[in-house]
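Quick notes on the structure that follows.
Computed over heavy atoms, backbone and side chain alike; hydrogens, waters and symmetry mates excluded. None of these values were measured; they are calculated from a predicted model. We count ligands from 1, going down the list as the structure has it; atoms in each ligand are counted the same way.
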Amino acid sequence: MDFGPALSEIRTIITEAPREAPDRVVELLHDRFPHYDWVGIYWVEDRELVLGPWKGPAATEHTRIPIGKGVCGAAAASGRTEIVPDVSKDPRYLACFASTRSEIVVPIRAGTRVIGEIDIDGRDLDAFGTLDRMFLEAVAALLSTLWPVIPETPTIPHPAGHAALAGNS
Ligand code: SME
């Protein structure tokens, strides 16, 4: 898995095109890594996670998740990465897609605050391991350097999913 080159590209995107970076990072993660079936970024607004850019086969109904609810809300509350190897065995799991069997959620932190998170669903059991965690935590650290650019970017879910990406490039 080419985590190193992807990380370099993400670093370049964030440095050279910070306003487009969340959309482009989501697109890169989804397109580059076949086991990242659905990739989204949620931003923290007040006590809620609000879905930002995403790319995957279908839209999720969970466009707003209270902090503390679901796997996403748990990661936002603790500030720690959550890896769920089998979503059917985790009572916290909020179902989005029938095809999802595992999930990883990586908080994006600015200092001690959680400002957002990367959420990735996988179609295989146990799809995410230590390397995914290390890579995605590095990606989250890069995304956190966008602060305070991030609050100025739209956080309203794209009605057509990643279609908005086309307009950015
Ligand atoms: N499964 C998540 C909800 C978000 S969807 O996966 C896109 C959760 O349990 O919080």
message: Considering Ile120, Leu94, Val87 one by one, which has a heavy atom nearer to atom 3 (C) of ligand 1 than any of the others?
response: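 Going through Ile120, Leu94, Val87 one by one, Leu94 has the nearest heavy atom to atom 3 (C) of ligand 1.
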Main-chain N/O of Gly79 paired with Arg109 side-chain donor or acceptor, under 3.5 Å: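 The answer is yes, because a donor-acceptor pair under 3.5 Å joins these two groups.
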- prompt: Any sub-3.5 Å donor-acceptor pair from Thr12's side-chain atoms to Ser8's backbone N or O?
  reply: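 Indeed, once roles are kept as given, a pair shorter than 3.5 Å links the two residues.
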- prompt: Are Ile10 and Ile115 joined in one hydrophobic group, where the rule is that I, L, V, M, F, W and Y side chains link up if heavy atoms are under 4.5 Å apart?
  reply: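 Ile10 clusters together with Ile115.
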Decide whether an N or O pair under 3.5 Å exists between [X] and ligand 1.
X	result
Glu103	yes
Gly73	no
Thr60	no
Val71	yes

Candidate list Thr81, Ile104, Val84, test side chain to side chain contact (heavy atoms under 4.5 Å, CB included), partner Phe128, passing option: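 For Phe128, the side chain to side chain contact (heavy atoms under 4.5 Å, CB included) test succeeds with only one of Thr81, Ile104, Val84, which is Ile104.
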- prompt: So which protein heavy atom does atom 7 (C) of ligand 1 come closest to, and at what separation?
  reply: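 Among all protein heavy atoms, the one nearest atom 7 (C) of ligand 1 is Cys96 SG, 3.2 Å.
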- prompt: Considering only protein heavy atoms, which is closest to atom 10 (O) of ligand 1, and at what distance to one decimal place?
  reply: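 Here the nearest protein heavy atom works out to Cys72 N, 2.8 Å.
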For [X], the ligand 1 atoms whose distance to one of its heavy atoms is below 4.0 Å:
X	result
Gly70	9 (O), 10 (O)
Tyr42	4 (C), 7 (C)
Trp38	7 (C)
Asp121	6 (O)
Asp119	4 (C), 5 (S), 6 (O), 7 (C)
Tyr93	1 (N), 9 (O)

- request: Would you kindly say whether Tyr36 and Asp31 are connected by a side-chain donor-acceptor distance under 3.5 Å?
  value: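 Note: Tyr36 and Asp31 side chains miss the donor-acceptor criterion.
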Looking at every heavy atom in both [X] and [Y], which two are closest together, and how far apart are they?
X	Y	result
Val26	Lys55	CG1-N, 3.6 Å
Pro34	Arg123	O-NH2, 3.2 Å
Ala140	Pro107	CB-O, 3.4 Å
Pro53	Trp43	CD-NE1, 4.2 Å

task: Examine ligand 1 and decide if any of its atoms is less than 4.0 Å from a heavy atom belonging to Trp54.
output: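 Under 4.0 Å: no for Trp54.
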